[in-house]
Amino acid sequence: MSKAPHLVVFSGSGISVESGIETFRASDGLWANHPVAEVATPKGFERDPARVLDFYNDRREQVRRAAPNPAHRAIAELERAGFRVSVITQNIDDLHERAGSGNVLHLHGELARARSSVDAQMHYPVPESGIALGDLCDKGSQLRPDVVWFGEAVPLFDDACELVAEADLLLVVGTSLAVMPAAFLLDYLADDAACVLVDPDARALAPPDVVPVDMKAGEGVPALVDQWQREQALAPPDGTMR
Ligand code: APR
């Protein structure tokens with residue numbers, strides 16, 4: 001018996017823009033106002049842990065007030081309709097889960113979790129008020145956000161590669177594909193699988209063999225999902241499978 005086709009979604013910060021969350025590399029994006037070296041590296045945390053904790057506590061508060069948008073909801077709807085759907089997200093927000101997606105892999109970690117700063121395996125829920133200086137793990141070291149900073153290993157990268165290698169269709173949404181190793185995921189796609197990129201800048205960003213859809217996530221993703229539900233099949237917008 002042949003397996004149902006597998007859609008793997010690979011999302012970046014652009015999918016959450018229409019939920020009111022900024023991207024990283026836009027001219028008014030997060031990295032323009034918060035230097036990466038200061039808030040998203042182990043060295044930055046050593047130098048000024050309070051600043052880093054504040055930065056992520058603010059992010060968490062922003063996400064708490066936000067709601068999933070039509071792109072997150074359409075992806076979850078496809079899973080509810082019986083399609084095989086896996087989501088790999090670079091985002092540390094939980095908007096895919098809150099939309100109803102059941103299989104979400106957070107490549108760059110999650111705002112909702114804290115971890116020990118000496119043992120990456122020791123995870124803790126984040127207190128309602130955020131992580132404070134002096135909140136310690138069971139080994140007595142400061143808690144930090146369970147996010148992957150620049151210069152750190154990406155522990156779930158191999159799991160993400162396996163998912164992409166099993167995909168019949170890879171739907172990439174709202175990412176500049178500027179960060180490695182995340183962007184290398186596209187290289188793991190099987191030769192007979194297809195890839196679509198939904199992003200207002202898709203034509204400029206799409207590598208060869210990727211079908212660009214120059215649209216915002218909140219319009220482009222529901223339109224594709226609608227097509228797949230009508231056709232009861234996964235196919236890129238030009239209707240051909242590579
Ligand atoms: N819909 C879809 N895409 C959008 C929208 C929208 N409404 N608005 C903007 N975008 C696109 C931009 O065109 C851009 O290609 O979102 C992308 C955001 O790119 P980046 O700011 O580089 O963010 P991302 O690709 O998610 O960054 C990857 O970099 O700093 C790290 O860890 C951080 O996970 C993050 C990683």
Side-chain angles (χ1 to χ4, degrees), residues 9-45 52 55-56 58-60 62-63 66-75 87-96 99 104-113 115 144-157 160 164 170-186 195-207 210-225 237:
V9 176
F10 175 44
S11 63
S13 54
I15 198 171
S16 298
V17 164
E18 289 150 89
S19 296
I21 296 174
E22 60 277 71
T23 66
F24 294 95
R25 293 176 182 77
S27 53
D28 56 350
L30 274 175
W31 295 157
N33 298 313
H34 305 273
V36 172
E38 287 168 31
V39 298
T41 62
K43 274 262 169 293
F45 187 59
V52 175
F55 173 72
Y56 286 98
D58 288 350
R59 306 276 72 71
R60 198 176 298 106
Q62 180 186 38
V63 167
N69 67 52
H72 300 103
R73 290 203 299 269
I75 292 163
V87 177
I88 301 168
T89 186
Q90 297 169 90
N91 300 343
I92 55 180
D93 66 48
D94 59 356
L95 296 179
H96 282 295
V104 184
L105 181 156
H106 285 271
L107 201 58
H108 294 159
E110 293 176 63
L111 276 171
R113 294 205 315 194
R115 56 159 268 209
R144 55 166 272 189
D146 188 18
V147 302
V148 175
W149 284 328
F150 285 89
E152 294 187 317
V154 181
L156 294 180
F157 185 65
V164 171
L170 181 65
L171 170 62
V172 184
V173 188
T175 175
S176 63
L177 297 171
V179 168
M180 308 303 158
F184 288 141
L185 279 181
L186 272 64
C195 185
V196 181
L197 170 63
V198 178
D199 189 296
D201 253 353
R203 249 175 305 194
L205 293 168
V210 173
V211 179
V213 175
D214 268 349
M215 288 172 92
K216 290 181 176 180
E219 293 160 11
V221 174
L224 284 171
V225 165

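Note that the structure is a prediction, hence the values are computed from the model and not measured. Residue numbers start at 1 and run along the sequence shown. Just so you know, ligand 1 is whichever comes first in the structure, and atom 1 is the first atom listed for that ligand.
Where the criterion is an N or O separation shorter than 3.5 Å, residue side chain and backbone included, Q90 meets it with respect to ligand 1. At least one N/O-N/O distance between T175 and ligand 1 falls below 3.5 Å. Looking at F24 next to ligand 1, an N or O pair under 3.5 Å apart turns up. At under 3.5 Å, a nitrogen or oxygen of G14, whether backbone or side chain, sits near a nitrogen or oxygen of ligand 1. Any N or O atom pair closer than 3.5 Å counts here, and A217 shares at least one such pair with ligand 1.
In H108, the part holding a heavy atom less than 4.0 Å from any atom of ligand 1 is the side chain. Neither the backbone nor the side chain of V148 has a heavy atom within less than 4.0 Å of ligand 1.
Heavy-atom contacts of G12 reach the following atoms of ligand 1: 26 (O) (cutoff under 4.0 Å). For ligand 1, the atoms sitting less than 4.0 Å from at least one non-hydrogen atom of K216 are 1 (N), 7 (N), numbered in the order shown with element in parentheses. Atoms of ligand 1 found under 4.0 Å from any heavy atom of L205, numbered from 1 in the order shown, are 15 (O). Every atom of ligand 1 with a heavy atom of G174 under 4.0 Å away is listed here by number and element: 2 (C), 3 (N), 16 (O), 17 (C), 18 (C). Applying the 4.0 Å criterion to heavy atoms of F150 picks out, from ligand 1, the atoms 30 (O), 31 (C).
Here atom 12 (C) of ligand 1 lies nearest to D199 when heavy atoms of D201, D199, V221, L30 are compared.
For the atom pair L95 CG and I75 CD1, the distance stands at 11.0 Å (nearest 0.5 Å).
Counting protein heavy atoms only, atom 22 (O) of ligand 1 is closest to S176 OG, 2.5 Å. Distance from atom 21 (O) of ligand 1 to its nearest protein heavy atom, with residue and atom name: R25 N, 2.7 Å. The closest protein non-hydrogen atom to atom 18 (C) of ligand 1 is S13 OG, 3.5 Å.
For A178, the closest heavy-atom approach to ligand 1 does not fall below 4.0 Å.
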